[in-house]
There are 2 protein chains.
Amino acid sequence: MPDIKHFDPDAALDTVVGLFWRQGLAATGIQDIVSETGLNRSSLYATFGGKQELYRAALRHYVEQRSRPVLRRLAEDERGLPAVAEFFDGLIRDRCSGAHARWGCMVSNAQAGAEAGDADVRAVLDAQHRELRDAMHAALVTAEARGQLGPGTVPATAADVLALLAHGVNLRSRAGADAQELSRTVTAALECLGSPPTA
Amino acid sequence: MPDIKHFDPDAALDTVVGLFWRQGLAATGIQDIVSETGLNRSSLYATFGGKQELYRAALRHYVEQRSRPVLRRLAEDERGLPAVAEFFDGLIRDRCSGAHARWGCMVSNAQAGAEAGDADVRAVLDAQHRELRDAMHAALVTAEARGQLGPGTVPATAADVLALLAHGVNLRSRAGADAQELSRTVTAALECLGSPPTA
DNA sequence: GTTAACCTGGAACGATCGTTTCAAGATAGT
DNA sequence: ACTATCTTGAAACGATCGTTCCAGGTTAAC
């Protein structure tokens, strides 16, 4: 029958994610994508549709590949507060060093940009925030069951606080915030939720 | 001598701030600016220079006009924790209702976008974060002197936490977060810093 | 009233934007 | 080998991008 694709769409999408993640939707041109992926305009449009659709696909790809697995691990971790601490450690490490250092989080970036004008994009952003909050909530419920939380700490609202904090980390890391400083800050916030030191 | 400007550059800059604030640098065209301000391309370029310089001027204008006064009020407030609470109340109100509802913070938005690539812009962003952190720190030092802080709360690191939290509020408000929910979350975080309830 | 200095309107610049088109090439079934 | 079907490369589309230029108008000092 027909000819078959001469490239791997998923691998191409990975490359596209990198571009949109780093530069955002408006600042990334089709030419950038063509140059970086190596495939040409025809294949791009035939496979993914236009730029907006390509961005949506890239955003979903990011969430499924980069965000969801980490959140799932957090939600299923049985250790309580140490799981939350480890989550933030990994987050700060990813944001400040390695291949994607200083890129921030593609979801956070999208919320701050004109990308969020698109309804489909907005839906993905809201869903991801809910996942983040729920994963944090699950870990905190575990922590509460293990007696790791202070008397005034309610898992639901504490999860909200930590979710906002994660967004703050994503943002500041892009602007070059020091990893140790971020770590110190997050640690302080977590200690605040825990039991007071043998009061 | 020469002819004089037929418009008020500061008023024009206010309009430009609105555009860049809402849509970011890349998604705002010169044509948008011409249409919205009503002034001509020639006047624009003669007064402000190119687009990049105009964005820088708008960002500085935003910081000086919208951000700095609020931070100054926070830093000089003698009430301690209530001052911090009021700061966040005002922040959430501005972010979720009124003329600039759902616009987020222009500084936060810039950090998440390609705008932060410019060194001059980055310098403004860093300076503003420092101002935010310092103002929060001053208010917390006051709170500590008044005995409003819990035994484990260090003003410096707590200021870092609250600064990150503010960025989180800025981000989530743009995506349509509920004002009451944000308020509840921030209140919980502040209670966490305060003295434990007559323990 | 003349002149020198500046501002404004609007056309126009080349470059790049996202997108489309089409001929040539490649594949799998008959 | 032939054909139907899809992919690929490259050129080209109109639109818009940020920017420049210049003629005409306006101002204030002499």
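First the proteins, then the strands, lettered A, B, ... as listed; each starts at 1. What's counted below: heavy atoms across the whole structure, side chains too, no hydrogens, waters or symmetry copies.
Shown for residues 43-57 of chain A: residues whose heavy atoms fall under 4.0 angstrom of DNA chain C, namely Y45(A), G50(A), K51(A).
Between the NZ atom of K5(B) and the P atom of dC7(C) there is a distance of 4 Å, rounded to whole Å. Whole-Å rounding puts the D3(B) CG to dT26(D) P distance at 9 Å. Between Q31(A) atom CD and dT19(C) atom C1' the separation is 13 Å, expressed in whole Å. If you take CG of D8(A) and P of dT8(D), they are 12 Å apart, rounded to a whole angstrom. Protein atom CD1 of I30(B) is 12 Å distant from nucleotide atom C1' of dT16(D), rounded to whole Å. If you take CG of L25(A) and C1' of dC17(C), they are 13 Å apart, rounded to a whole angstrom. Distance CZ (R41(A)) to P (dG18(C)): 8 Å, rounded to an integer number of Å. As rounded to whole Å, 9 Å separates atom P of dA28(C) from atom NE2 of H6(A).
Checking R68(A) against Q128(A) by side-chain atom types alone, no donor-acceptor pair falls below 3.5 Å. Side chain to side chain, T157(B) and D160(B) fail the donor-acceptor criterion of an N or O pair below 3.5 Å. For the residue pair Q31(A)/S35(A), the side-chain donor-acceptor check at 3.5 Å is satisfied. For H61(B) and D14(B), the side-chain atoms include at least one donor-acceptor pair closer than 3.5 Å.
Comparing L39(A) and G29(B) against DNA chain D, the residue whose closest nucleotide sits nearer the 5' end is L39(A).
In this structure, the side chain of E115(B) engages the main chain of L25(B) through a donor-acceptor pair within 3.5 Å.
A salt bridge links R79(A) and E86(A); the closest N-O separation between the charged side-chain nitrogens and carboxylate oxygens is under 4.0 Å. Salt-bridge check for E76(B) with R72(B): passed, with a basic side-chain N closer than 4.0 Å to an acidic carboxylate O.
With axes fitted over five pairs at each extremity, the angle between the ends of the helix from dG1(C)-dC30(D) to dT30(C)-dA1(D) is 0° (10° resolution).
Across every non-hydrogen atom of A159(B) and R133(B), the tightest pair is CB-O, 3.8 Å.
In the interface, the side chain of S42(A) is paired with the base of dT21(C) through a donor and an acceptor atom under 3.5 Å apart.
When F20(B), Y62(B), F48(B) are each tested for a ring-ring contact (aromatic ring centres under 6.0 Å, His included) with Y55(B), only one passes: F20(B).
Dashed line: the shortest gap from a side-chain N or O of N40(A) to OP1 or OP2 of dG9(D) is under 4.0 Å.
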